[in-house]
Structures are given as C-alpha cells and as structure tokens.
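Down below is the structure, laid out as structure tokens.
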Amino acid sequence: MIDDFDDQHEPPGALGIETRAADWLARKQFWNWSADDQLQLDAWLAQSPAHEIAFWRLQGALARTERLAALRPAKTAIGWGPLLARAAAAVVLIGVVSAAGYYAYPSRPDGVAYATSVGGRETVVLSDGTRIELNTDTAIRVAETASARTIHLDRGEAYFQVVHNAARPLVVYADERRITDIGTEFSVRREHNKLEVAVVEGKVNVDAPHDRHALLLTAGETMIATAKSISVTRKSERTLVNDLGWRRGIVVFDGTRLADAVQEINRYNSRKIILTDANLANVTLTATVTANDPEQFIRMARFLLGNRGGDAAGKILISQ
C-alpha cells in the first residue's frame, strides 16, 4: 500500500500535480504493485483531468526515453525501494520540465493516432459509441481510460457526437484550449491562426491556461478564438448545417466572398485554385459544390461570374 507520500509537503498547484504523478509512476514501475495501490491511483486520477494528464505525460516520457531502466531494483530488494522510487520520480519530473517547461495541458501525450489525407474523410468510433468524424487533412490522437476520454486535435477539423458520461468526461485539446463535453454534438476546426468551436446540440465548456473565465457555449453558438480576440456568435440551424456540409462531401457557399470560397475549396484538393485578379476577391457567390472536385467549382464560378481561367504548373487559374 502507498502510505508514505506526505501531501502536506506537496508543492502547490500544477507543479504539485506533476510531483504527485511522478511519485505514482515511479512506485508503479519499481515497487511490488498491488490491487490496493491501483485502487488508490485510480481514485487520484479520477479527482481531476489534470491528474490524468500529468500521469499520462510522465508515463509517455518514461516510455520514450527509458532513462529509468538502470534504476529498476530486484523484487527482493529491501529498504532501497522508497529511495529509488523517489529518485526515479525526480528523474522523470526533471526530464519533462527541463525538456518543455511546465504546462498544464500536455504537448504530446500518448494515444492512438488517426489522420486523413487532403480530400479524405474518416469516422473514428470510441469504445462507448462516441463518434468522431474527421474532415480533410485532419489529425487527432485519442486516449481512453476508465475515467476519461481525451482527444488532441493536432490539425484540421472534427465533428463529435458524444455519448455523455459525467463520470468519464470527453475533453478535446486544440492549440492552447480545452473543450469539455456536457452532453453534446459539436465541431472543432483548428487553423494556423484561429480556432473555431461550433455547438450543434447540448453544451461545451471552453477554457485555456491564460483565460480568467471559461466559456459555456450552448446549441447554435460558435466561438472563434485568435491570438488577440475571442468572439461568440449565434448561428441559425440552416447555417450550421451548411457549415457542416463536408460531412456529406459538399461545400456550401451562401453569399461567400470568392477569395474565401477559393481558400475553402483548396482545403479539399491537392490541385489548388489561384485567384489571379484581385478585383474578383470580394465578388460573392451562392452555390453548393462537391468538396473534392475543383473543376466543378471552376465551372460554377465561370458560369456565375463570367470570368476566364486556365491551368499553369498544376494549378487552376481564375482571372477576369
């Protein structure tokens, strides 16, 4: 049984969580681990997602570096166990902190990786039936435990249909932000300079280390966050359905600037469209096209706008 860790001397806050996680990990690696020990660890992990995240992070560091292999004692060792466990914990903790600096949200936790190519789509089904639909050029990592479901959206866009379980929350990490399910269907789109979260059904909680207050988004609300601002707007059901047209293999434009439409259709195709005439950038169009058919988009644009075009170096040109 683990009974000699002094919580009263644990460092406060985030560092304290890391220290405690390192101690648990070292003891699990080097002690004669018992069923009672596992119950205590499970209880500590269940107290907070931050506990699980810290433990996974250190466990991943240990697996990757194997820097503790030489410290593993024989099972018959007596007396040195606690000291070696503390030393191991210190090595893991120092290694992680010095490598990346402490951060409450892990940068590269372990998990099963899924990815789509440009123009591809894929559906990932978790053990509880939760569905995650991946849009074009999207990458996620999924980690499931008995008390939590954690997804990291490394790039792209995903739609979540969550089987809600308050005792086993689903949390999505995208950039610096954490999106927590509260009985929900929602989408998360991560681009290089912004993050967009749209709630179709239910609620999600959005927070980040530098935010003073979390945002509670309800059905119909969309949050767009950049490095400088956060905005929340309410969209109609029709607009939300249009925005999620990619789930049906289409892209819907409704009074969309041509420059923005070109940028959107290029997400789905390796053969890019180039708008060569700046005068056309603000021309608007309303149309529905197949996502991975740039030629269809070009035909539609030429028909609606009366412009010309051609091909050059594998790219499709639009000009006046």
Side-chain angles (χ1 to χ4, degrees), residues 11-21 45-58 60-61 96-97 99-111 130 132 134-135 138-145 147-160 162 164 166 168-235 243:
L15 183 58
I17 293 174
E18 287 277 0
T19 302
R20 185 64 157 142
L45 293 173
Q47 289 175 7
S48 168
H51 291 185
E52 288 192 301
I53 290 165
F55 187 80
W56 293 338
R57 184 184 187 186
L58 297 182
V96 172
V97 172
Y102 182 78
Y103 187 51
Y105 300 164
S107 57
R108 302 294 297 181
D110 289 339
T130 291
I132 308 171
L134 309 184
N135 197 5
T138 295
I140 65 171
R141 286 166 290 132
V142 178
E144 293 190 79
T145 69
S147 57
R149 297 159 291 171
T150 302
I151 294 92
H152 275 250
L153 178 63
D154 293 326
R155 69 173 186 272
E157 182 175 19
Y159 184 79
F160 299 84
V162 183
H164 182 65
R168 191 169 178 259
L170 182 139
V171 181
V172 179
Y173 292 92
D175 197 11
E176 296 183 347
R177 300 190 183 276
R178 177 173 61 182
I179 302 104
T180 305
D181 152 67
I182 311 177
T184 324
E185 291 190 26
F186 64 100
S187 67
V188 182
R189 177 172 171 175
R190 178 179 180 179
E191 300 182 54
H192 70 281
N193 58 354
K194 74 175 182 179
L195 177 70
E196 180 173 339
V197 179
V199 181
V200 175
E201 181 180 311
K203 302 175 182 178
V204 300
N205 194 69
V206 183
D207 62 1
H210 56 271
D211 291 343
R212 290 187 177 183
H213 304 288
L215 281 176
L216 180 65
L217 301 178
T218 60
E221 291 186 323
T222 296
M223 180 208 76
I224 295 179
T226 68
K228 297 182 179 179
S229 66
I230 300 176
S231 63
V232 177
T233 58
R234 181 166 290 278
K235 294 185 177 181
D243 290 347

(message) For the CZ atom of R189 and the CG atom of L153, what is their distance to the nearest 0.5 Å?
(response) 11.5 Å

(request) Check whether more than 12 heavy atoms from other residues, nucleotides or ligands sit under 6.0 Å from atom NZ of K235, and answer yes or no. (result) yes

(message) Within the 4.5 Å heavy-atom criterion, are L134 and Y159 side-chain neighbours or not?
(response) no

(request) Taking R168 for its side chain and E144 for its backbone only, find out whether a donor-acceptor pair lies under 3.5 Å. (result) no

(message) With a 4.5 Å cut-off on side-chain heavy atoms, are V232 and L217 touching?
(response) yes

(request) Identify the two heavy atoms, one from A143 and one from G111, that lie closest to each other, and give their separation to 0.1 Å. (result) CB-CA, 4.3 Å

(message) Is any side-chain heavy atom of H164 closer than 4.5 Å to one of D181?
(response) yes

(request) Please determine, by modelled atom types, if T218 and R234 share a side-chain donor-acceptor pair under 3.5 angstrom. (result) yes

(message) Tell me the closest heavy-atom pair linking D154 and R190, and the distance in Å.
(response) O-NH1, 3.4 Å

(request) List the atom of S147, the atom of P169, and the distance in Å for their closest heavy-atom pair. (result) O-CD, 3.4 Å

(message) With a 4.0 Å cut-off on N to O distance, would you call E191 and R155 a salt bridge?
(response) no

(message) With heavy-atom distances below 4.5 Å as the criterion, would you say the side chains of I151 and L170 are in contact?
(response) yes

(request) Using modelled atom types only, decide if a donor and an acceptor are shared between the side chain of T138 and the backbone of N135 within a distance under 3.5 Å. (result) yes

(message) Within the 4.5 Å heavy-atom criterion, are T184 and F160 side-chain neighbours or not?
(response) no

(request) Nearest 0.5 Å please: distance from the OG1 atom of T150 over to the CD1 atom of I140. (result) 12.0 Å

(request) Measure the spacing between OG of S187 and CD1 of I179 and express it to the nearest 0.5 Å. (result) 10.0 Å

(request) Using a strict cut-off of less than 4.0 Å between a Lys/Arg side-chain nitrogen and an Asp/Glu carboxylate oxygen, indicate whether D207 and R177 qualify as a salt bridge. (result) no

(request) Taking the side chain as every heavy atom from C-beta outward, state whether F186 and V162 have any atom pair closer than 4.5 Å. (result) yes

(request) Please tell me if the side chains of I224 and I230 come closer than 4.5 Å, counting only heavy atoms from C-beta onward. (result) no

(request) Starting at CE of M223, measure out to OG1 of T233 and round the result to the nearest 0.5 Å. (result) 10.5 Å

(request) May I ask you to check whether R149 and T130 show a side-chain donor-acceptor distance below 3.5 Å? (result) yes

(request) Could you tell me whether the side chain of V204 reaches within less than 4.5 Å of the side chain of I182, counting heavy atoms only? (result) no

